[in-house]
Each structure stands twice: as C-alpha cells, then as structure tokens.
Amino acid sequence: MTDPQLVLTERVQQALAAAFGAEYSDADPLIRPSQFADYQANVAMSLSKRLRRAPREVAQEIADHLTDFPGTVEVSGPGFLNLTLSDDWVTAQANEVLADPRHGVAVPESPQIVVVDYSAPNAAKEMHVGHLRTTIVGDALVRVHEHLGNKVIRQNHLGDWGTPFGMLIEHLLDIGEKAAVAQLEAGEGNAYYQAARAKFDSDPEFNRRARTRVVTLQAEEPETMRLWHIFMNATVRYFNKVYSQLGVTLTDDDIAGESMYNHVLAQVCDELQERGIAVVSDGALCVFPPGYIGREGQPLPFMIRKSDGGYGYATTDMATIRYRVQDLKADRILYVIGATQAQHMSMLFDSARMAGWLPEHVHAEHIQIGSVLGSDGKMFKTRIGKSIKLAELLDEAETRAAQVIRDSEYGEAERGDIAHAVGMGAVKYADLSVSHDSEYVFDFDRMLALTGNTGPYLQYAQARIRSIFRRGGVDPAEATGPIVLGNPAERALALKLLGFGAIVAEVAENSTPHRLAAYLFDTASAFTTFFEECPVLKAEDEATRASRLALCALTLRVLETGLGLLGVPVPERM
Ligand code: ARG
C-alpha cells in the first residue's frame, strides 16, 4: 500500500487504539490534503465529545502515540493534526511504484465474478444519447474490474423482443428484406419504427397481421424467427458500428437480450406463483415487495404477468437475476441503467431476494445513470425534437476535433487518427468526469477544450510527456530513476502518483469512474506545475535528469493506464 491517505489513515487508527482503546480504532481520521502540511487529520474534535476531553488534548495524545511516524506531526488550531511525510518516505514509495509494473494497483486475493449489464439499446428504436452514457460508464467499470483481476461477464440486455416486433416484422415484409436491412444498418431505426407504427395505427389489415405475428413470434415459429433474425442482425450491425467507433469492448458474444429469456418466462411466473411469492391481483400476477406504497396508500405491485397473460420488463428482469446468480455464478451484478428506472430496479432486487434468487452474499447494484441534457436544460434532442442519431453525433465530434488540431503539421492519415482519438476521448471523458448519477449538458465546445478537466487536456498531457522522451531520445521504459526529490513540485507530483492504486480500488468498490477522472486531472495538473518549474532534458546534472525522466515516465504510465481504464484513447502525438 503506497497511497499516503490510506497509509496515514491506518497509522492514525493504530494511534487511536493505542491511546484510547481498541474500540476507537475504526473512527475515520478524515485525512485530507492540506495547505499547512501534506495532510490534515480531523478526528480529535469529534472524539473529544466521546472522550469528554478538550480537543487539543486529544489531538496531542494521538500525536504522542504516532510512534515511528515517517515524518512530522503537529497539533494545530482547535485540534487538527498536521501530518507531513518525510522526503525519504515519499522517495522510497515513489521508487517502489516506479518499479511496480502495476503502479500500485493491487490484485485482490480472491477475484470476484462481476456481471455488468450495460449499453442495452432497444432494437426497435434508435440508440439514443442515454444509451451512449450507459455504454461508456459500463465499459469503464468493466475495464477497471478486469484490470483488478476480477472475472467480468458483460451482458448487453438488448431490447430485442416483445409486441412491437409483430409490426416491425410485418413492415419488413412490406418494404422487402433488402430495403429493411439497408435502413436498419444505416441507423434509421427510428424512421423504420415510425413507419411501422403509422400503419399499425391506421391500417386494420396491417394491424391484424402484426398481432398474428406477435403470436407466431412468441411461439418461435421458424419463418417468423428467420425474419426476426434478419431484423436483429441488421440492427446489431449498426450498434456494432457505434461500439467500434467509440472503442467499446462489447462484442456479439456479450449480447444477452430480452429474447434470450423468452422460453423461461412462463416457468418464472409459475414457480413464483406456486411458492406464494407472487399472487394474482386484478387478474395480473404480482410480487408485492414490502415498503412500496402507491399514491392512495395501496401496496405497489411488481407485475410479472399482465392480466392479458403477457409478460413484461419485470418478468424478463426476474429471469436475468436468476440466470446471473445461478448460471453465471455472479458475486456482484452491476446494472448500469438510467436513474429513471430506480424504482423498477429496487423492486426487482427486493422481489428477487424474496424469491431466494438473490442470496445475501450476492450484491446487486443499480448504477444509476443521469440524463444527458441539451443546452436548453431539457433532454438532449435535435432542434426539430427528434432524438439524435448516435453515429452522427460521434461523427460530428470527430469533425470538430479535427478543427481543434487543424494547425498541426501531421499528414492526412495521422490527422484522421488523432481527430478520431480526440473526438471520442472528448465525448467519453465528458461523460465519465461527471458523477454517473448526475445530469450533464452535452456541449461540444466544452468537452473539446484543450484546457480544464477535459479528455483532450489529458490526452495532450500524456502526448507532451511522450514528446519529451522523443526529443531526448530516451525510451520511457528505460527511465528507471532512481527518483530523488528536491523541488517541491517534484514532491507534490510524486505524492499524487502514489495514490493511483487506491483510486482504482475505490472506483471498483463504489462504481465511481469520475473519481478516477478527477485523479488523472489532478495528476496532469501536478505534472504541468512540475514541468514548468523543473527542466527535465536540460536538468542541472545527470542524477537530477534521470530522476525527472523517471517522474515523467511514471506520470506517463499512470495517465496512460488510467485513461485506458476509462476507455479514453491515448494518441502518440497531438
Ligand atoms: N433496454 C432498456 C432501456 O433502454 C435497458 C435495459 C437494462 N437492463 C435490464 N436488465 N433491465 O431502457
């Protein structure tokens, strides 16, 4: 463990136990960076009430018990502890992280099976910007867990089943397979859906055909399934185009859509009914997990079979949880889904617990995704109110990114690659730098800015470090130091770099990619200050040059690895 904040937390907790008894060892010392020392602990004030002693006295007693502290401790103000680590300690730790191929990221003793449900666009409708967000956040979580050595199972729960498919298949027959495939592959799913819908509403004969088609689809009749496959394959080809443009790790093997559960839905309902977990209410089969009350004070149903006998979203989701626990053997299931589905998810988890399908030891979590807004503060739409085609949005990001780098001297092909990396990096980072459950305004100008907490700024920071090595004719892998810390800017950068492992662990634990984004931004900022103050290639002597090159190399690796975990591409040059 190298993260100073974690090391200090542990040290102070040991001191608490030594001073006041073991029952005090789990008090949070609230170690925070400080302007008066490296860190400040703020624990004496809260403990003073519990101990009925003056805060400064409590602080002094903790300080007295911080034996072998690798630095200096000072009581300040009403009872803060100012903690400054010795340069020797920071230097030793920095050299350790430098030599560690994982840069301080620990491998857990017992890897977990983590199932991640993410992206999950609906086939009958155009993938919208909300799906962009579940896709990007989910993919970052997947990358972090894999990096930590967990076994990740991706589940792309496509909306690929249900009553709308009756009319969608009939429409395919009307316009012909070829035309339908072309339209769907081009990402015109919305227009396709609307055309089918219009006929469904106005043409009784079409309406009748669509309804009949739903019946043959439910029965998985071969010709209907053939048509369904044509429809789905074309749709998935479009999704894949968006995934590959975004650089998302989902493949066809990760598709586990609603259709996959079709044949178990009846059994799910029967079993829950037989066991008395679900009861018939107004003709519908419902689970009533305790604690959900409707507006009139009535218990809210989690409806797994409608009164007309049809199954819905809740039914499929009960099946997903059972499958993920029993077949996939999940230890943890992350549902990366819009915040608007919070109640559904919560009722799902409670119902699954009632059914015994989600045992105590398995953690199911709804990673709530906030909405993406337009500059008007409303849901992000085009001017005429249509939802925006994702592929077009991503193309626009690349076109705009090309403008940002237009002054560079690179050749056509390299400029294209850089524009792609910068455009996708900007879009993805803008999404990931915001807490996943907050809303944010989709704003190309802000996300493409080369300064501030943006993807391009971080991409540029790492590209600039690469250029230092190019100019010096040094391979970063050979910059092995040793690190020696003279200048305060070197020390501040080293302290930041020591925190990488802890932040990655934290992101996995709390599903908070924005914390990694903030860490990378802070690290890049610390590097900027260092680079302004400390000449690297022209350092005053060989040892200083070697040390600074090592700091550059470690910063580069941390930024590169960290951006990689966020799924943000790292261009060689910019
Ligand atoms: N297709 C759904 C939507 O677009 C999301 C599905 C999420 N996954 C799940 N298991 N419910 O809203």
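Just so you know, ligand 1 is whichever comes first in the structure, and atom 1 is the first atom listed for that ligand.
- Salt bridge present: Arg400 and Glu396 bring a charged side-chain N and a carboxylate O closer than 4.0 Å.
- Between His344 and ligand 1 there is no heavy-atom distance shorter than 4.0 Å.
- At least one heavy atom of Gln341 lies less than 4.0 angstrom from ligand 1.
- In Asp317, the part holding a heavy atom less than 4.0 Å from any atom of ligand 1 is the side chain.
- The only option from Asp331, Asp317, Asp117 that meets the salt bridge (Lys or Arg N to Asp or Glu O under 4.0 Å) definition with Arg324 turns out to be Asp117.
- Any N or O atom pair closer than 3.5 Å counts here, and Tyr335 shares no such pair with ligand 1.
- For Glu560 and Arg557, the salt-bridge test fails: no basic side-chain N is under 4.0 Å from an acidic carboxylate O.
- Ligand-side atoms of ligand 1 in range of His131: 3 (C), 4 (O), range being under 4.0 angstrom from any heavy atom.
- At the top of the distance list for atom 7 (C) of ligand 1, counting protein heavy atoms only, stands Ile337 CD1, 3.3 Å.
- Interface atoms of ligand 1 facing Asp117, defined by a heavy-atom separation under 4.0 Å, are 7 (C), 8 (N), 9 (C), 10 (N).
- Remark: ligand 1 and Thr320 share no N or O pair separated by less than 3.5 Å (distance only, no angle test).
- Among all protein heavy atoms, the one lying closest to atom 3 (C) of ligand 1 is Asn122 ND2, 3.7 Å.
- Under a cut-off of 6.0 angstrom, the local environment of NZ in Lys199 is crowded, with over 12 non-hydrogen atoms contributed by other residues, nucleotides or ligands.
- Glu223 and Arg226 are joined by a salt bridge, as a carboxylate oxygen and a charged side-chain nitrogen come within less than 4.0 angstrom of each other.
- Remark: ligand 1 and Ala120 share an N or O pair separated by less than 3.5 Å (distance only, no angle test).
- Salt bridge Glu146/Arg154: present, at least one basic N to carboxylate O contact under 4.0 Å.
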Q: Test Leu394 against Met424 for side chain to side chain contact (heavy atoms under 4.5 Å, CB included), laying out the working first.
A: CA-CA 7 Å; Leu394 298 181; Met424 293 309 97; 3.9 Å; yes
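- Using cut-offs of 30° and 60° for the angle between ring planes, the His157 and Tyr261 rings count as tilted.
- Short contacts between ligand 1 and Tyr313, defined as distances under 4.0 Å to a heavy atom of the residue, involve ligand atoms 2 (C), 5 (C), 6 (C), 7 (C), 9 (C), 11 (N).
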